[in-house]
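Data block below; observations after.
The analysis underlying the following values was restricted to heavy atoms, covering all of them including side chains, and did not include hydrogens, waters or symmetry mates. Here the structure is a predicted model, which is why all the values come from computation and not from measurement.
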Amino acid sequence: MKNIFRSIIIVFTLLLALDAVYAGGGNRTGTGGAAQLLIPVGPRGIAMGESNVATSYGVEALFWNPAGVAKLNGSAGLMFSHMSYIADIGVEYGAVSANFEGFGIVSLSIKSLSIGEIAVTTTENPDGTGDTFTPQMLTAGLSYSRQLTERISVGLTANLVTETLGDVSASGLAFNVGVIYDNLADINGLSIGIVMKNIGPQMQYDGSGLLTQAEVSGYNRPPGFLKIESAPFELPSTFEIGLGYKPVLDEMNSLQVSGAFQNNNFSGDEYKIGAEYGYNNTFFARLGYQMAPQLESANYLYGFTAGAGINYQLEGIALRVDYAFRDAQYFDGNHIFALSLGF
């Protein structure tokens with residue numbers, strides 16, 4: 001009873017916080033920073049249209065809803081993934097989860113962007129100075145997840161966000177908190193999930209790149225350096241609520257359908273749907289679609305998604321290979337590969 005009461009308080013707090021997060025973008029569209037936090041990882045969720053707020057589980061749930069990590073099968077799990085993102089950007093991701101009996105599940109994750117070299121340009125040399133710089137964007141997370149009851153799981157993630165662009169850099173903390181409630185209204189297979197992402201203080205760039213040489217008129221003194229103070233920016237906070245349903249078919253076949261609503265603090269709201277068919281818990285086929293009705297179609301990159309996965313049981317090890325494709329306007333589609341291990 002105590003755990004149930006605690007869970008009700010958590011869910012109620014999340015719903016109250018919706019008033020603070022709910023903004024629908026509006027005039028603030030595009031004014032947030034640390035956009036790397038919004039890049040998804042995990043081909044199962046991406047293939048299902050990013051709709052699995054209530055249906056994610058295991059290590060992959062770290063990005064979608066940390067509460068889903070509490071459904072980890074076994075004592076530990078590993079995941080490695082690669083995404084060919086837009087504009088030839090690569091997204092590398094790795095995560096590990098360990099189940100400590102009686103305490104909960106602790107997870108570590110790291111995501112980095114491979115952007116490559118960019119030519120240095122100035123007002124005097126708009127075609128380049130001959131020098132280059134390599135942007136570095138990294139997100140490192142520490143998560144805690146726990147199954148409070150047979151129906152309720154909760155999770156919390158603290159992400160350290162760092163960005164380096166030439167001679168300037170910024171760092172900050174972003175928090176994700178989520179809840180999943182299974183067998184909603186005593187309907188077997190019906191789940192609801194709620195998650196708030198990227199809640200934290202503002203970030204601000206600093207570094208030697210903000211120094212500029214200037215002269216002070218009216219004084220007999222040589223030119224000196226002045227530091228330009230960059231404007232702080234907010235994190236791209238989101239609120240997501242999703243439903244999932246897994247009807248009982250038979251021992252060989254399974255079906256999972258899911259849907260989600262995502263409110264973005266600095267962009268239009270998004271609606272997402274997805275489905276997964278499984279055969280003998282070995283082969284999986286997935287489809288999804290995501291849309292943002294508040295945005296013009298020319299301003300929204302994504303839509304159709306698809307993917308597949310294979311599970312294979314070795315001696316004491318569960319091996320899973322997943323692939324997802326996400327169509328993107330104006331760019332080549334995103335390809336995502338992942339290898340997962342369960343112990």
Side-chain angles (χ1 to χ4, degrees), residues 2-21 34 36-42 45 50 52-72 75-79 93-111 138-162 171-182 191-203 234-242 244 260 262-265:
K2 183 178 179 180
N3 285 337
I4 294 176
F5 181 71
R6 183 190 308 161
S7 303
I8 292 173
I9 293 176
I10 293 173
V11 174
F12 183 67
T13 302
L14 284 172
L15 290 174
L16 285 179
L18 176 59
D19 286 337
V21 175
Q36 58 168 307
L37 291 169
L38 298 176
I39 299 176
V41 292
E50 304 182 26
N52 59 341
V53 176
T55 59
S56 57
Y57 62 90
V59 182
E60 184 176 314
L62 282 171
F63 176 81
W64 308 107
N65 188 340
V69 185
K71 302 176 185 180
L72 179 72
S75 59
L78 290 169
M79 176 181 168
Y93 179 78
V96 57
S97 298
N99 190 353
F100 296 91
E101 186 175 353
F103 176 73
I105 298 176
V106 177
S107 307
L108 297 173
S109 62
I110 187 167
K111 176 173 68 175
L138 188 71
T139 302
L142 173 64
S143 302
Y144 173 74
S145 309
R146 184 177 177 87
Q147 191 80 36
L148 295 182
T149 70
E150 291 183 357
R151 297 188 178 189
I152 301 171
S153 58
V154 296
L156 172 67
T157 296
N159 283 318
L160 173 64
V161 186
T162 61
S171 61
L173 282 175
F175 296 91
N176 302 342
V177 57
V179 176
I180 294 178
Y181 189 101
D182 295 318
S191 303
I192 184 172
I194 300 173
V195 61
M196 293 178 64
K197 296 180 182 178
N198 310 326
I199 308 300
Q202 293 180 330
M203 294 175 58
E234 295 185 36
L235 302 179
S237 304
T238 67
F239 176 91
E240 301 174 46
I241 183 169
Q262 177 176 326
N263 169 253
N264 300 299
N265 221 10

Problem - Asn159: which of Leu173, Asn176, Leu235 passes side chain to side chain contact (heavy atoms under 4.5 Å, CB included) - result: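 Only match with Asn159 under side chain to side chain contact (heavy atoms under 4.5 Å, CB included): Asn176.
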[atom1]-[atom2] distance between [X] and [Y], expressed to the nearest 0.5 angstrom:
X: Tyr181; Y: Thr149; atom1: OH; atom2: OG1; value: 7.0 Å
X: Leu72; Y: Ile105; atom1: CG; atom2: CD1; value: 4.5 Å
X: Thr238; Y: Leu37; atom1: OG1; atom2: CG; value: 9.5 Å

Practice task
Assess whether side-chain contact (heavy atoms from CB on, under 4.5 Å) is satisfied between Val53 and Ile241, documenting all intermediate values.
Solution key: CA-CA 7 Å; Val53 176; Ile241 183 169; over 6 Å; no
Atom of [X], atom of [Y] and distance for their closest heavy-atom approach:
X: Val195; Y: Pro66; result: CG2-CD, 4.1 Å
X: Val41; Y: Lys111; result: CG1-CD, 3.6 Å
X: Pro40; Y: Glu50; result: CG-OE2, 3.6 Å
X: Gly42; Y: Trp64; result: O-CZ2, 3.6 Å
X: Val69; Y: Ser145; result: CB-OG, 3.4 Å

Who pairs with [X] by side chain to side chain contact (heavy atoms under 4.5 Å, CB included), at least two apart in sequence or on another chain?
X: Ala54; value: Ser191
X: Gln147; value: Ala70, Lys71, Ser153
X: Ala95; value: Val59, Leu62, Tyr93, Ser109
X: Leu78; value: Phe80, Val96, Leu341, Phe343

Handout entry: Flag side-chain contact, heavy atom, 4.5 Å: Val161 against Asn198
Key =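 SC-SC contact between Val161 and Asn198 ruled out.
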Exercise for the section: Compare all side-chain heavy atoms of Asp182 with those of Ile180 and state whether any distance is below 4.5 angstrom. Expected result: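 SC-SC contact between Asp182 and Ile180 confirmed.
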Practice task
Using side chain to side chain donor-acceptor pair (under 3.5 Å) as the criterion, list what pairs up with Thr157, not counting sequence neighbours.
Solution key: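 Partners of Thr157 by the side chain to side chain donor-acceptor pair (under 3.5 Å) criterion, ordered by chain and then number, come out as Ser143.
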Handout entry: Thr139: side chain to side chain donor-acceptor pair (under 3.5 Å) partners, not counting sequence neighbours
Key =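 Partners of Thr139 under the side chain to side chain donor-acceptor pair (under 3.5 Å) test: Gln36.
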Problem - Pairs involving residues 100-109, ordered by first then second residue, that meet salt bridge (Lys or Arg N to Asp or Glu O under 4.0 Å) (sequence neighbours left out) - result: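 For residues 100-109, and leaving out neighbouring residues, there are no salt bridge (Lys or Arg N to Asp or Glu O under 4.0 Å) pairs at all.
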Problem - Contacts of type ring pair (Phe, Tyr, Trp, His ring centres under 6.0 Å), residue Phe103, not counting sequence neighbours - result: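 In terms of ring pair (Phe, Tyr, Trp, His ring centres under 6.0 Å), with neighbours along the sequence ignored, Phe103 is linked to Tyr144.
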Problem - Contacts of Glu60 that satisfy salt bridge (Lys or Arg N to Asp or Glu O under 4.0 Å) - sequence neighbours left out - result: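 Expected list: Arg320.
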Practice task
Under the salt bridge (Lys or Arg N to Asp or Glu O under 4.0 Å) rule, collect the residues that match up with Lys197, sequence neighbours excluded.
Solution key: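 Only Glu240 meet the salt bridge (Lys or Arg N to Asp or Glu O under 4.0 Å) criterion with Lys197.
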Handout entry: Donor-acceptor contact present, side-chain Asn263 to main-chain Phe239, <3.5 Å
Key =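 Such a contact is absent between Asn263 side chain and Phe239 backbone.
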Practice task
Check step by step if side-chain contact (heavy atoms from CB on, under 4.5 Å) holds for Asn65 and Ile194.
Solution key: CA-CA 8 Å; Asn65 188 340; Ile194 300 173; over 6 Å; no
